[in-house]
Number of protein chains: 2
Amino acid sequence: MTDTTVRAALSRDRILQTAVALADREGIGGLTMRGLAAELGVEAMSLYHHVANKEALLDGLADAVAAEMQDAVAALEATGDWKHDLRGRILTAREVMLRHPWAPGVFESRTSFGPHIVRYTDALVGLMRSGGMSHDLVHHAMHALGSRAFGFTQELFDPAGSADEDASPELLMQMAAEAPNLVEMLAHIAHDDPGSTLGWCDDQSEFEFGLDLLLDGLERRAERERLA
Amino acid sequence: MTDTTVRAALSRDRILQTAVALADREGIGGLTMRGLAAELGVEAMSLYHHVANKEALLDGLADAVAAEMQDAVAALEATGDWKHDLRGRILTAREVMLRHPWAPGVFESRTSFGPHIVRYTDALVGLMRSGGMSHDLVHHAMHALGSRAFGFTQELFDPAGSADEDASPELLMQMAAEAPNLVEMLAHIAHDDPGSTLGWCDDQSEFEFGLDLLLDGLERRAERERLA
DNA sequence: ACCTGAACACCGTTCAAGT
DNA sequence: ACCTGAACACCGTTCAAGT
């Protein structure tokens, strides 16, 4: 009960904070109970006094990221235009996600909500409700947005992992026979923007394209609902 | 070189086929190299003569599912309406995915394309091109669709895992204070459709809602492009 | 060429024991 | 109450040896 407690006292918060830093540094594969404990200067089993098991640790990690999103989003001011405000919140959430490349995978593997995730989600629902959308439409909207509501889309076949060899002309030749449309499209894209070497395309602009497609569609349904 | 070879001769195909059946039966967590080998009546290390490692096995699994999708999709006849045909292909792909609940997770963790995945994707691109969309727009469309092009969306916080306890009134009460909009929405949904007990909502209709939102939006952009 | 068995270097987690 | 160390039951994978 005094301020002179040992500086390194273990706590759930300190564990989560260290786990986030470790995952940022080494990727989610580098986050093991043993490794996390070592990082904290403690034995692996000590963690189990503050966290039920690894699943619970990951739940905590996801919620820690959601807390960061809440902080970032709090700085935004509301304009009263739900679509504009929603777009801003989601793109801000994305900035947080980009700081934690492992977070999308963890979010997708979660099965329960932490308090910060709940509050972030609640705010999105409130924003759409304030725009006059029905509960039903908002519900559809949340499902349609899916992970985009949290600022990410899990890229299918992310070329980042194997882009180096995949771009080889031999493989493109081999593909050309079986996938003429795909090859033609990729050639066209490469021609248009030869500078996009971090993957085949600009993730950010693709994210915004998909997001705007959905937001525009939702706005249309909302208007249709209002006139009914 | 004779037909009287031992019936149980190991081969890449037989390994993949058994792996799919095993994953269907026990989930992806039940698919281990050791377990798969046992299922084949063979030692674990024998698998490594036909498959480089587990990553390669999973690559093969994803492509096996894509092959099934190709088969299912081949039965569809083209109407010439790209949007209608694309919708049909994707919903057919979804039927295959629903037979393999582990497949979405495997698809999302892949980093390289198998031949069947490539051909399935190529057909989608061809369909949109036939509708007059530019390479650029088709490229955006593929990104916007993302995993939906393969008939699935990875549900965030799938309540299937913990729905039993999560629906408890105490927890809803506790949530009500911090998440009024969310609670109100969920209450409204439950009121509208008290029968939807497999999760909070009907995945199929939510999938189609999101898909149609995107397809409608793409159609609009395609028309805009045509007039430009 | 194909398959085997033992072994290695990891995991998450249980348990009895320490302070 | 909190932390430890050894141990258990798993993984994927390497390696030398069998046929």
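Everything numeric in this text was worked out from a predicted model, so none of it was measured. Throughout, protein chains are lettered first and strands after them, A, B, ... in sequence-line order, and every chain is numbered starting at 1.
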Residues that A/E184 engages under side chain to side chain donor-acceptor pair (under 3.5 Å), provided they are two or more places apart: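 Testing A/E184 for side chain to side chain donor-acceptor pair (under 3.5 Å), a comparison that skips the adjacent residues, returns B/H135.
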
C/dT14 OP1/OP2 closer than 4.0 Å to side-chain N/O of A/Y48: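 So the side chain of A/Y48 is outside the cut-off, no N or O lying under 4.0 Å from OP1 or OP2 of C/dT14.
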
Presence of B/S46 side-chain N/O under 4.0 Å of C/dC2 phosphate oxygens OP1/OP2: no

Geometric cation-pi criterion, A/R94 with A/F152: 6.0 Å, 45°: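 Cation-pi check for A/R94 and A/F152: fails.
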
For C/dG5, the Watson-Crick or wobble partner whose two distances fall under 3.5 Å: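 Answer to the pairing question: D/dC15, which forms a Watson-Crick or G-U pair with C/dG5.
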
Sugar-phosphate only, base, or nothing, as touched by B/M33 at under 4.0 Å among non-hydrogen atoms: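 The answer is sugar-phosphate, as B/M33 gets under 4.0 Å only of primed atoms, P, OP1 or OP2.
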
Sugar-phosphate, base or nothing in reach of B/T32, heavy atoms under 4.0 Å: sugar-phosphate

Selected nucleotide, minimal atom distance to A/M45 side chain, candidates D/dT4, C/dC3, D/dG12: D/dT4

Side chain of A/R34 (C-beta onward), nearest among D/dT4, C/dG12, C/dT4: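 Of the options given, the side chain of A/R34 lies nearest C/dG12.
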
Test: B/R99 and B/E68 ion pair at under 4.0 Å: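 A salt bridge is present here (some side-chain N lies under 4.0 Å from a carboxylate O).
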
Whole angstrom value for the distance that separates P of D/dC3 from CG of A/L40: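 Value for this atom pair: 10 Å.
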
Interatomic distance, B/L36 CG vs D/dT13 P [rounded to whole Å]: 13 Å

D/dC2 base / A/H49 side chain donor-acceptor hit below 3.5 Å: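 No pair found.
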
Among A/D63, A/T121, A/D71, side-chain hydrogen bond (donor to acceptor under 3.5 Å, both in side chains) partner for A/H116: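 With A/H116 as partner, side-chain hydrogen bond (donor to acceptor under 3.5 Å, both in side chains) holds for just one option, A/D63.
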
